[in-house]
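Every heavy atom of this structure was used, including side-chain atoms; hydrogens, water molecules and symmetry mates were not. Naming: A, B, ... by sequence-line order, numbering from 1 per chain. All of these numbers come straight from a predicted model, not from anything done at the bench.
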Amino acid sequence: MSPFYAAGILLGRAFYNRDVVQVARDLLGCLLVRDSREGLTAGIIVEVEAYLAQGDPANHAFRGPTRKNASMFGPPGHAYVYPIHSRFCLNVVTEPEGVPSAVLIRAIEPTEGIELMRRRRKARSGSQEVADLDLARGPARVCEAFAIDRALDGWDLTSGRVSWIEGRSDAAARHNSSVVVTTRVGVTAAADLPLRFYLSDSPFVSRRA
DNA sequence: CTGAGGATAGTCT
DNA sequence: GACTATCCTCAGA
């Protein structure tokens, strides 16, 4: 297996500097970590979507660079965080600098800091208790549970500080019996492209095919 | 389970 | 000022 995948090892620039679909598939089972003043949260990535640099009108960079999508044109391994409907979504930039492709993190299975995630999600949903299965099921919920907002737009995820991603764990690999491929959620353009990937046996996936 | 409605930053006219 | 959007929640069937 590629050294990219080593469990507990920080994913470096080379991991992200590859074809966006390949990176998307390889991110399944990896560990997203967020270190904040409130504490540490982490979880296994179970669902992602790819946004292509070419021929993909659903990509925010489809019509060229703007202030909003600037991070997508930056180096691979940086975060692209953008606001939507009063919430945020986290993408990971892939392929060489100047090529605006990215992977949307759509759902995570929490493994560390679960109590902190419960507090954050509860606070954001009108003090209603949030089921553990729903803590990070959906891209905006991921950002709420992990306290990711616009301040992290452009952040270098290979720095190993504040927020980063580690290679696939053995436990996740065992669970990763198969990957399901479907069309992307919530996009109206290029709605037929098979660019959503999730772990088939994870109950933390946002929507099943 | 599905569908309607809330809600806000960025972009365009 | 109007329109769009990589969504979420909840009411109703």
Side-chain angles (χ1 to χ4, degrees), chain A residues 16 19-21 23-25 27-28 32 43 45-74 76 78-95 99-108 110 117-155 157 163 165 180-199 203-209:
Chain A
Y16 301 102
D19 174 74
V20 63
V21 169
V23 175
R25 302 190 74 118
L27 277 173
L28 291 174
L32 175 69
I45 297 170
V46 298
E47 177 184 351
V48 297
E49 285 175 359
Y51 288 84
L52 310 178
Q54 298 292 330
D56 182 5
N59 188 327
H60 284 171
F62 183 65
R63 289 178 175 80
T66 65
R67 194 189 291 106
K68 170 180 163 183
N69 65 25
S71 297
M72 291 196 66
F73 291 84
H78 285 228
Y80 167 48
V81 180
Y82 77 95
I84 181 172
H85 290 79
S86 315
R87 294 181 168 79
F88 297 97
C89 290
L90 168 67
N91 294 254
V92 178
V93 177
T94 62
E95 306 192 36
V99 180
S101 61
V103 176
L104 170 69
I105 308 299
R106 276 200 58 90
I108 284 181
M117 294 190 203
R118 289 193 190 112
R119 287 203 302 274
R120 285 170 173 162
R121 290 277 288 117
K122 182 178 177 179
R124 191 64 175 73
S125 54
S127 294
Q128 301 282 327
E129 293 292 344
V130 176
D132 283 2
L133 274 177
D134 293 336
L135 287 177
R137 201 182 68 178
R141 290 165 169 176
V142 168
C143 287
E144 287 179 13
F146 284 75
I148 291 168
D149 61 18
R150 206 74 198 281
L152 281 176
D153 183 37
W155 181 258
L157 295 168
S163 186
I165 303 177
V180 178
V181 184
T182 72
T183 55
R184 295 173 292 188
V185 175
V187 302
T188 53
D192 54 329
L193 295 180
L195 292 175
R196 172 169 173 252
F197 309 92
Y198 66 83
L199 298 182
F204 294 89
V205 166
S206 70
R207 285 172 52 176
R208 307 206 154 269

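- Between the OG1 atom in Thr94(A) and the CG atom in Asp19(A) there is a gap of 7.5 Å [rounded to 0.5 Å].
- For the contact set between residues 141-150 of chain A and DNA chain C, defined by any heavy atom under 4.0 Å, the members are Arg141(A).
- Comment: Arg121(A) engages Glu144(A) in a salt bridge, judged by a side-chain N to carboxylate O separation of less than 4.0 angstrom.
- One distance of note links OG of Ser206(A) with CG of Asp134(A); it measures 10.5 Å at 0.5 Å rounding.
- In terms of position along DNA chain C, the nucleotide closest to Thr188(A) lies nearer the 5' end than the nucleotide closest to the other residue of the pair Thr188(A) and Pro139(A).
- Which of dC7(C), dA5(C), dA9(B) sits closest to the side chain of Val185(A) comes down to dC7(C).
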Parsed dot-bracket for DNA chain B after applying the Watson-Crick and G-U rules with both distances under 3.5 Å and | for other-strand partners is ||||||.|||||.
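- Between the CD1 atom of Ile84(A) and the C1' atom of dA7(B) there is a distance of 11 Å, given to the nearest Å.
- Nucleotide dC8(C) holds its C1' atom 9 Å from the CZ atom of Arg121(A), rounded to whole Å.
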Per-pair distances, 0.1 Å, donor-acceptor, side chain in residues 180-199 of chain A, under 3.5 Å, sequence neighbours excluded:
residue   : atom : partner   : partner atom : Å
Thr182(A) : OG1  : Arg196(A) : NH1          : 3.1
Arg184(A) : NH1  : Ala50(A)  : O            : 3.0
Arg184(A) : NH1  : Asp56(A)  : OD2          : 2.8
Arg184(A) : NH2  : Asp56(A)  : OD1          : 2.9
Arg184(A) : NH2  : Ala190(A) : O            : 3.4
Arg196(A) : NE   : Glu47(A)  : OE2          : 2.8
Arg196(A) : NH1  : Arg207(A) : O            : 3.2
Arg196(A) : NH2  : Glu47(A)  : OE2          : 3.0
Arg196(A) : NH2  : Arg207(A) : O            : 2.2
Tyr198(A) : OH   : Ala209(A) : N            : 3.1

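- Residues forming a side-chain hydrogen bond (donor to acceptor under 3.5 Å, both in side chains) with Glu95(A) (at least two apart in sequence, or on another chain): Ser101(A).
- For Arg207(A) and dC8(C), the shortest distance from a side-chain N or O to OP1 or OP2 is not below 4.0 Å.
- When rounded to the nearest whole Å, the span between CG of Asp134(A) and P of dT9(C) equals 8 Å.
- Each of dT11(B), dA5(C), dA7(B) was ranked by its minimum atom distance to the side chain of Arg67(A); first place goes to dT11(B).
- Distance, Asn91(A) CG to dA5(C) P: 16 Å, rounded to whole Å.
- Listed pair Thr66(A) / dT11(B) meets the phosphate criterion, a side-chain N or O lying under 4.0 Å from OP1 or OP2.
- Partners of Tyr82(A) under the ring-ring contact (aromatic ring centres under 6.0 Å, His included) rule, at least two apart in sequence or in another chain, are His60(A), Tyr80(A).
- Distance Leu135(A) CG to dT9(C) C1': 16 Å, rounded to the nearest Å.
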Candidate pair Val21(A) and Leu52(A), rule side chain to side chain contact (heavy atoms under 4.5 Å, CB included), full reasoning: CA-CA 8 Å; Val21(A) 169; Leu52(A) 310 178; 4.1 Å; yes
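- Tyr80(A) places its OH atom 15 Å from the P atom of dA9(B), with the value rounded to the nearest Å.
- Side chain of His78(A) to main chain of Val93(A): no donor-acceptor pair is present (N/O by atom type, distance under 3.5 Å, no hydrogens or angles).
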Hey, mind stepping through Val92(A) and Leu157(A) against side chain to side chain contact (heavy atoms under 4.5 Å, CB included) and telling me if it holds? CA-CA 8 Å; Val92(A) 178; Leu157(A) 295 168; 3.9 Å; yes
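- Atom CG of Asn69(A) is separated from atom C1' of dT4(C) by 15 Å (rounded to the nearest Å).
- What separates NZ of Lys68(A) from C1' of dC3(C) is a distance of 13 Å, to the nearest Å.
- Between Arg106(A) and dC7(C), a side-chain N or O to OP1/OP2 separation shorter than 4.0 Å is present.
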What N/O pairs connect the protein and nucleotides 11-13 of chain C at under 3.5 Å? Give each pair on its own line.
none

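- Under the 3.5 Å distance criterion, the side-chain polar atoms of Asp153(A) are left unmatched by any main-chain donor or acceptor of Ser71(A).
- Annotation: the span from Ile105(A) atom CD1 to Ile148(A) atom CD1 amounts to 9.0 Å, rounded to 0.5 Å.
- Ala58(A) comes within 4.0 angstrom of a nucleotide base, judged by non-hydrogen atoms across all strands.
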Go through the steps for Asn91(A) and Val81(A) under the test side chain to side chain contact (heavy atoms under 4.5 Å, CB included), then give the verdict. CA-CA 6 Å; Asn91(A) 294 254; Val81(A) 180; over 6 Å; no
